[in-house]
Amino acid sequence: MSEIIEALNTLEKEKNISKEDMIEAIERAITSACEKDFGKEGVDVHMDRETGEIKVFANMVVVEEIQDPHTDILIENAKHIDPDCELGEEVRCEVTTKDFGRIAAQKARGIILQSIKEKEKDAVYTYFKAKEHQIVTGIVQRFVGYNMNVSLDNRTDTILSSKEMIPGERYRVGDRIKLYIVEVKKTEKGGFKIVTSRTHPEFVKRLFEKEVAEISDGTVEIMSISREPGSRSKIAVRSADPDVDAVGACVGLNSNRINNVVEDLNGEKIDVIEWDENPAIFIQNSLRPSPVISVDVYDDDKFARVIVPDEKLSLAIGKEGQNARLAARLTNYKIDIKSESQAAEEDEYYDEYYEDEEDEALTDEDVSAAVEEYEAEQPEESEEEAAAEDNAEEAEAEETEEE
């Protein structure tokens with residue numbers, strides 16, 4: 001086995017670059033190096049996959065006297081290749097690499113090196129593309145303004161934007177950090193960009209998947225997540241096995257599982273909620289730790305009216321409305337929370353309103369009284385107007401009798 005084959009085998013193992021791809025790149029490189037002398041259509045290069053031996057073939061014209069050594073071959077030499085050849089015909093001849101010259105060799109070397117870089121870059125891109133929507137661990141390298149440069153391996157860095165950092169987190173150069181890969185996309189210049197985050201809701205989901213075996217094997221499923229990074233998250237879970245407590249599996253013995261996730265999130269609080277297909281029950285669960293008296297759900301409007309004990313109203317709403325806000329995002333319902341006394345006042349108000357409406361409803365007596373009142377307000381007819389009206393009625397009656 002030649003040194004070049006050994007080198008290619010090493011590249012394949014260490015840099016995950018296909019040996020066959022590299023051999024094809026070398027063949028293309030040597031072909032390109034020969035084009036100047038033999039033309040683009042006249043060169044064929046083959047590299048032996050086992051020995052590394054390279055053979056180059058070119059079309060040469062059979063002549064009596066050589067004008068161009070790169071394209072012409074004497075007829076007596078051509079007869080050794082093809083005994084039936086004639087002057088002016090082309091024969092396929094093997095040429096040696098030492099005939100390429102120093103410039104051709106440099107060109108081939110440059111193309112090979114470029115191919116190695118491109119293949120290595122493609123291999124790294126493919127590796128991280130497969131890790132899209134997963135968690136990776138990196139090492140903080142330096143700070144670029146408010147952003148942070150993180151090394152994912154000895155070949156690849158990423159920039160963690162300040163917007164994707166959990167508020168209140170502090171890191172130093174050399175610290176290890178877990179990141180969620182949001183997207184891996186190629187750039188216009190031929191490279192690629194790895195977009196990472198620590199604030200994405202899926203980051204919490206992946207942390208639980210790594211920590212809770214029941215989630216990894218599908219026994220427990222995370223149905224929805226709502227999150228305010230650095231402060232609080234709520235996750236809704238359900239179990240496919242009636243014998244498995246979904247919430248208990250996520251919390252773990254002595255809360256060890258959820259505490260590990262909280263540690264990865266630098267102390268962010270997490271509420272694990274039991275998911276239910278009944279929206280009223282699900283909404284009630286989502287407002288924990290506050291107790292709930294009743295839930296009225298209006299599915300068409302995706303709206304829910306919730307009543308809680310008077311002394312638990314602030315707990316249900318949460319500081320600056322956080323608990324209610326996270327519950328609404330978790331359930332995808334607009335939630336109106338009222339205390340028991342507030343709800344009673346509203347009900348009393350509506351009861352009085354509708355009672356007043358009923359009291360104002362018109363009866364037959366009301367109609368008769370209104371008619372009498374109207375007639376009383378009309379002006380009385382004079383005697384002359386009454387006599388004229390009587391004469392008109394008599395004349396009309398006489399015309400009817402004549403007919």
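- Not one N or O on the side chain of E53 forms a donor-acceptor pair closer than 3.5 Å with the backbone of M47.
- Taking the side chain as every heavy atom from C-beta outward, I135 and L207 approach each other to under 4.5 Å.
- Cation-pi check for K185 over F192 is not met; the charged atom does not lie both under 6.0 angstrom from the ring centroid and within 45 degrees of its normal.
- Among K163, E228, E164, R227, the single residue meeting the side chain to side chain donor-acceptor pair (under 3.5 Å) criterion with T199 is E164.
- Residues in residues 238-251 take part in these side-chain hydrogen bond (donor to acceptor under 3.5 Å, both in side chains) pairs, two or more places apart or across chains: E221-R238.
- The closest side-chain heavy-atom distance from C93 to I73 is below 4.5 Å.
- Side-chain N or O atoms of D301 include none that pairs as donor or acceptor with a backbone N or O of F303 at under 3.5 Å.
- In terms of modelled atom types and a separation under 3.5 Å, the side chain of D72 and the main chain of Q67 share a donor-acceptor contact.
- At distances below 3.5 Å, not a single donor-acceptor pair connects side-chain atoms of S255 with backbone N or O atoms of N259.
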Could you go through residues 171-182 and list every donor-acceptor pair under 3.5 Å that involves a side-chain atom there, pairing it with any protein atom two or more places apart or in another chain?
unit_1, atom_1, unit_2, atom_2, d
Y171, OH, E169, OE2, 3.3
Y171, OH, R198, NH2, 3.4
D175, OD2, R172, N, 2.8
K178, NZ, D264, OD2, 3.3
Y180, OH, H133, ND1, 3.4

Steps toward side-chain contact (heavy atoms from CB on, under 4.5 Å) verdict (R329, I225): CA-CA 8 Å; R329 294 175 189 169; I225 298 176; over 6 Å; no
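- Rounding to the nearest 0.5 Å places CD1 of I235 at 9.0 Å from CG of L330.
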